[in-house]
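Note: hydrogens, waters and symmetry copies are ignored here, and every other heavy atom, side chains too, is used.
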Amino acid sequence: MRATKAIIHIENFKENIRNIRGFTADGVKMCVPVKADAYGHGAVECARAALECGVEYLAVATVEEGLELREAGIKSPVLLFSLCSPEEVEDAVKNDITPFVFDSEYISMFDRSAGKFGKNHYPVHLAIDTGMGRIGCLPEDAAHLAKVISDSDNLFQEGTMTHFATSDCKNPDSIEYTKKQFALFTNSIEEIRKEGLNPGICHCANSAATLDLPETHLDMVRPGIIVYGYDAGDVNAEYLAKKGTPIDLKPVMTLVTEISAIRHFKKGSSVGYGRTWTAEKDTDIAVLTIGYGDGFVRRFSRAGIKVAINGKEYPVRGRICMDQCMVDLGLDSGVKRWDKVVIFGAKSDGAMQTAEDIARMTDTISYEITTVLTRRVPRVFVD
């Protein structure tokens with residue numbers, strides 16, 4: 001196995017889920033997204049672990065992701081968060097992948113396909129766009145579309161959902177926007193009920209709302225990034241501790257590699273493509289077996305990122321290459337060839353930073369840091 005690998009702590013994953021459960025009332029279901037290969041952590045393994053913790057629903061973004069779960073023998077309900085093409089509808093229906101629907105054409109596509117395969121009680125969830133601006137019907141159209149589902153030959157409305165745009169932001173405008181979205185959603189649900197129709201499982205709470213807005217939990221919550229051990233924007237550990245509802249989220253992934261070579265550089269020597277870094281004094285440079293081909297992306301080169309070796313931090317120097325990068329050890333570091341290098345992750349693995357720390361340094365979010373790891377980085381699952 002390559003020295004560069006992602007260690008996935010399944011017990012941390014399970015503990016995060018158990019801790020999140022402490023924020024929800026009895027009877028509230030949980031849906032865990034395992035889309036994008038479980039945010040880079042391994043979809044099948046994380047799906048199985050989630051179900052072992054009593055999670056009722058899983059979620060994916062593509063039909064192909066859903067098929068991966070089914071082919072692995074996972075039989076739990078699987079929600080399809082994003083839209084599929086007409087060519088994918090039959091695969092979704094044959095494999096009992098539950099779509100979000102929001103217009104008559106899309107509803108009809110699933111109705112016809114369910115009829116073709118003799119599934120005359122096929123579940124769908126009505127998506128309502130309350131302000132995300134992505135998929136979903138307008139709130140004023142929700143009751144009508146619920147009637148379209150009810151009048152179809154083969155479908156039933158198992159659930160109704162919306163998605164918050166700013167629940168992870170705690171500035172006044174964002175707080176008010178989330179309140180507005182929630183009001184629009186609950187009003188839409190009431191309009192559906194007034195038509196004598198059952199909205200089914202009502203759900204809107206993402207990671208931030210799950211931890212911060214208990215009134216939004218309704219019938220089911222959908223925690224995403226927090227099950228993988230990272231904060232949901234402004235709803236972070238510090239905020240929750242001040243609020244009196246602390247939570248201890250543990251990073252599930254640790255990204256490690258090793259030193260393949262150590263070379264001595266004289267003052268004035270340059271490192272890497274474009275000669276973007278030149279040694280100001282004599283130093284030792286370690287070559288690591290990780291690069292942007294693994295997901296340690298090139299734009300990190302100028303972010304001041306450091307890596308951990310034997311409990312100390314050392315800065316990345318020069319441009320990150322496709323397969324390698326270079327780190328400044330200084331002189332007399334005691335670091336040796338083949339020593340383990342920890343890029344980010346759990347403290348128990350020797351990490352001195354998390355994916356969240358790298359995200360802050362590179363003006364992005366932790367989701368991207370873990371999700372961009374490529375297939376050539378083996379995932380090693382440990383308890």
Can you list every salt bridge (Lys or Arg N to Asp or Glu O under 4.0 Å) pair that touches [range], not counting sequence neighbours?
| range | value |
| --- | --- |
| residues 329-347 | none |
| residues 96-115 | Asp96-Lys119 |
| residues 139-155 | Lys147-Asp151 |

Exercise. Which residue pairs satisfy the side-chain hydrogen bond (donor to acceptor under 3.5 Å, both in side chains) criterion with at least one member in residues 348-359, sequence neighbours excluded?
Worked result: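 Every pair satisfying side-chain hydrogen bond (donor to acceptor under 3.5 Å, both in side chains) with a residue in residues 348-359: His9-Asp349, Thr254-Asp349, Thr354-Asp357, Glu356-Ser366, Asp357-Arg360.
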
Can you list everything that forms a salt bridge (Lys or Arg N to Asp or Glu O under 4.0 Å) with [X]? Sequence neighbours excluded, please.
| X | result |
| --- | --- |
| Arg302 | none |
| Glu45 | none |
| Arg21 | Glu56 |

For this session: Please list, chain by chain and in numerical order, all residues satisfying side chain to side chain donor-acceptor pair (under 3.5 Å) with His144, sequence neighbours excluded.
Result: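 Result, side chain to side chain donor-acceptor pair (under 3.5 Å) vs His144: none returned.
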
For this session: Check side chain to side chain donor-acceptor pair (under 3.5 Å) between Glu65 and all other residues, then give those that pass, not counting sequence neighbours.
Result: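 Testing Glu65 for side chain to side chain donor-acceptor pair (under 3.5 Å), a comparison that skips the adjacent residues, returns none.
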
Problem set entry | Residues clustered with Ile7, ILVMFWY side-chain links under 4.5 angstrom |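 Joined to Ile7, directly or through intermediates: Met1, Val256, Val342, Val380, Val382.
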
For this session: Name all pairs fulfilling the ring-ring contact (aromatic ring centres under 6.0 Å, His included) condition that reach into residues 286-319, sequence neighbours left out, sorted by first residue then second.
Result: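 Found Phe296-Phe300.
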
Exercise. Which residues satisfy the side-chain contact (heavy atoms from CB on, under 4.5 Å) test with Glu190, sequence neighbours excluded?
Worked result: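 Residues passing side-chain contact (heavy atoms from CB on, under 4.5 Å) with Glu190: Arg193.
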
